[in-house]
Amino acid sequence: MYKQELLDCHSRIKPHIHRTAVLTSGILNEMSGAELYFKCENFQRMGAYKIRGATNAIMLLPENDRKKGVVTHSSGNFAQALSLAAKNLGIQAHIVMPSNAPKVKRDAVEYYGGNIVLCRPTIDARISMADKIIKETGATFIHPSNDLNVIIGQGTAAKELLEDYPDLNFLVAPVGGGGLIAGSALAAYHFGKSCKVYGGEPFEADDAFRSFYSGKIETNMTTNTIADGLKTVLGDKTFPIIRKYVSDIFRVSEKEIIDAMYLIWERLKIVVEPSSAVAFAAILKEKKHFNNQKVGILISGGNVDLKKLPF
């Protein structure tokens, strides 16, 4: 399922994305008991993997729809991704952002040419404002994660990693709205060799973990996590893929996220945001699952406010 779509998507978006580096660390291998390969999407254009899905979704729009622009709601990285993708393809992007979105991400959206519309920091407020823009402009809504074309685009990061390291035993990705892990799971199924996929998620926003085990999409009463990119919930497109192709989801504490983030900064010498550290935190916590195995880790992004580091 979707193998050809992944192949076509990768060919389609290649001119608009970077093929990001894969880093390793002997010390982190020793600490985890596994052979780790960090796919550094923090080096991607606009600093996160989401440019992949945003570009694919726009490029697949009919020309008449594309001319009217696109709209999304996002706390940060997809807002930047859609803004840059739209700019690259010569159309307007309208971005609904919660009023509490990090300033560094709002500034980036403006730099990439996105038209920002602020709203109250609730899901209902985001949806309502996006609907208003659609009615006024005729723009096409593109969901940050729950869109098959976005999911396929996000899966190209794992596809690249498996092309470089085809014998990986596991892939681990952070879970927010589920676009990255769903796309990665499809890529692992089609391009890996019995490569299992696991998710990492904060205890403070563990809707995906609970959904995985209850069999229905769960929500969060609170999302008090430093991993601001993982506060969103699963959708009807991402959830079935995750249930079918993901082996398990591991939850981690805020301290475990911060500790993992610190280690990545210290040992790999790269800037990553808290959401990116969740997958590595899960590996450190659940060492028995990954012992002596080759493990790919999706570093999702590096858009962090350097004035508000947790260490």
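For the numbers below, each heavy atom of this structure counts, side chains included, while hydrogens, waters and symmetry mates do not. Heads up: numbering here begins at 1 and tracks the sequence.
For K196, the NZ atom counts as loosely surrounded, since its 6.0 Å shell holds 12 or fewer non-hydrogen atoms of other residues, nucleotides or ligands. When the shell of 6.0 Å around CZ of R120 is examined, it contains 12 or fewer heavy atoms from other residues, nucleotides or ligands. The number of heavy atoms from other shown groups lying within 6.0 Å of NZ (K193) does not exceed 12. The number of heavy-atom neighbours closer than 6.0 Å to CZ of F170, taken from other residues, nucleotides and ligands shown, is above 12. More than 12 heavy atoms of other residues, nucleotides or ligands sit less than 6.0 Å from atom CZ of F203. Atom NZ of K244 is surrounded by 12 or fewer heavy atoms from other residues, nucleotides or ligands within 6.0 Å. Environment of CZ in F43: crowded, with over 12 heavy atoms of neighbouring residues, nucleotides or ligands closer than 6.0 Å.
At a threshold of 4.5 Å between non-hydrogen side-chain atoms, the residues S184 and Q154 do not count as touching. Annotation: side chain of I133 is in contact with side chain of V117 (closest heavy-atom distance under 4.5 Å). By the 4.5 Å heavy-atom criterion applied to side chains, L234 and V175 are counted as neighbours. Contact check for I257 versus I226: side-chain heavy atoms found under the 4.5 Å cut-off. Within the 4.5 Å cutoff, the side chain of N220 has no heavy atoms near those of the E204 side chain. A heavy-atom distance below 4.5 Å is found between the side chains of I242 and I181. Taking the side chain as every heavy atom from C-beta outward, E286 and K288 approach each other to under 4.5 Å. Within the 4.5 Å cutoff, the side chain of N88 has no heavy atoms near those of the M59 side chain.
Connection of V150 to I95 is established within a shared hydrophobic cluster, with ILVMFWY side chains joined at heavy-atom distances below 4.5 Å, either directly or through further cluster members. I283 and F38 fall within a single hydrophobic cluster, where Ile, Leu, Val, Met, Phe, Trp and Tyr are joined by side-chain heavy atoms under 4.5 Å apart, directly or via other members. Under the 4.5 Å side-chain contact rule for hydrophobic residues, L268 and V295 share a cluster.
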Given W265 and F311, is the side-chain contact (heavy atoms from CB on, under 4.5 Å) satisfied, shown in steps?
CA-CA 11 Å; W265 281 60; F311 42 71; 3.9 Å; yes
Salt bridge (Lys or Arg N to Asp or Glu O under 4.0 Å) between K255 and D259: does it pass, once the steps are laid out?
CA-CA 6 Å; K255 183 180 186 304; D259 289 349; 2.7 Å; yes
List the steps, then state whether side-chain contact (heavy atoms from CB on, under 4.5 Å) holds for K39 with I297.
CA-CA 6 Å; K39 177 65 169 171; I297 301 174; over 6 Å; no
Give the intermediate values and the outcome of side-chain contact (heavy atoms from CB on, under 4.5 Å) for residues F280 and L36.
CA-CA 9 Å; F280 180 46; L36 306 178; 3.7 Å; yes
Please determine whether side-chain contact (heavy atoms from CB on, under 4.5 Å) holds for the pair V304 and L309, giving the CA-CA distance in whole Å, both sets of side-chain angles, and the decisive distance to 0.1 Å.
CA-CA 8 Å; V304 61; L309 294 177; 4.0 Å; yes
Chi angles and distances behind the side chain to side chain donor-acceptor pair (under 3.5 Å) call for N77, E273
CA-CA 11 Å; N77 277 342; E273 58 194 84; 3.1 Å; yes
Side chain to side chain donor-acceptor pair (under 3.5 Å) between S300 and S276, intermediate numbers included
CA-CA 5 Å; S300 54; S276 290; 3.0 Å; yes
Kindly indicate, with the supporting measurements, whether the criterion salt bridge (Lys or Arg N to Asp or Glu O under 4.0 Å) is fulfilled by R251 and E201.
CA-CA 5 Å; R251 295 177 293 179; E201 189 176 43; over 6 Å; no
Begin from the C-alpha positions of E163 and K159 and carry the test salt bridge (Lys or Arg N to Asp or Glu O under 4.0 Å) through to its verdict.
CA-CA 6 Å; E163 286 171 352; K159 178 179 177 289; 2.6 Å; yes
Check step by step if side chain to side chain donor-acceptor pair (under 3.5 Å) holds for S253 and E256.
CA-CA 5 Å; S253 69; E256 288 165 338; 3.3 Å; yes
From CA spacing to verdict: salt bridge (Lys or Arg N to Asp or Glu O under 4.0 Å), R267, E30
CA-CA 12 Å; R267 297 301 176 184; E30 188 175 320; over 6 Å; no
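Between K294 and D167 there is a salt bridge, since at least one side-chain N of the basic residue sits less than 4.0 Å from a carboxylate O of the acidic one. One finds no salt bridge joining R106 and E110 here, because no Lys/Arg side-chain nitrogen approaches an Asp/Glu carboxylate oxygen to under 4.0 Å.
Counting only distance, with no hydrogens or angles, the side chain of S32 and the backbone of N29 share a donor-acceptor pair below 3.5 Å. Between the T225 side chain and the P202 main chain, no donor and acceptor come within less than 3.5 Å of each other. Between the side chain of S128 and the backbone N or O of D124 there is no donor-acceptor pair closer than 3.5 Å. A donor-acceptor distance shorter than 3.5 angstrom exists from the side chain of T232 to the backbone of G177, with no hydrogens or angles considered. N56 places a side-chain N or O within donor-acceptor distance of the main-chain N or O of N149, the cut-off being under 3.5 Å. In this structure, N146 contributes its side chain and T238 its backbone to a donor-acceptor pair below 3.5 Å.
With values rounded to the nearest 0.5 angstrom, I152 atom CD1 is found 13.0 Å from K3 atom NZ. Distance CG/L230 to OG/S275: 3.5 Å, rounded to 0.5 Å. How far NZ of K68 is from CZ of R66: 14.0 Å, rounded to the nearest 0.5 Å. In this structure, L60 CG and L148 CG are separated by 9.5 Å, a value rounded to the nearest 0.5 Å. Annotation: the span from K216 atom NZ to R210 atom CZ amounts to 9.0 Å, rounded to 0.5 Å. With values rounded to the nearest 0.5 angstrom, H143 atom NE2 is found 10.0 Å from I151 atom CD1.
R52 approaches H18 most closely through the heavy-atom pair NH2-O, 3.6 Å. Closest approach of G153 to C9, counting heavy atoms only: CA-SG, 3.6 Å. Closest approach of G301 to N42, counting heavy atoms only: C-CB, 3.6 Å. Among all heavy-atom pairs drawn from A79 and S74, the shortest one is N-OG, 3.0 Å.
D248 and Y213 form a side-chain donor-acceptor contact under 3.5 Å, judged by distance and modelled atom types alone. When only modelled atom types and interatomic distance are considered, Q44 and T20 share no side-chain donor-acceptor pair under 3.5 Å.
Cation-pi check for K87 over Y111 is met; the charged atom lies under 6.0 angstrom from the ring centroid and within 45 degrees of its normal. The side-chain tip of K50 does not point at the ring of F78 from less than 6.0 angstrom away and within 45° of straight on.
Residues Y198 and F290 place their aromatic rings such that the two centres sit under 6.0 Å apart. For F141 and H73, the gap between ring centers is short of 6.0 Å.
Screening residues 221-230 for salt bridge (charged side-chain N to carboxylate O under 4.0 Å, His left out) gives K105-D228 as the qualifying pairs, with residues at least two apart or on separate chains.
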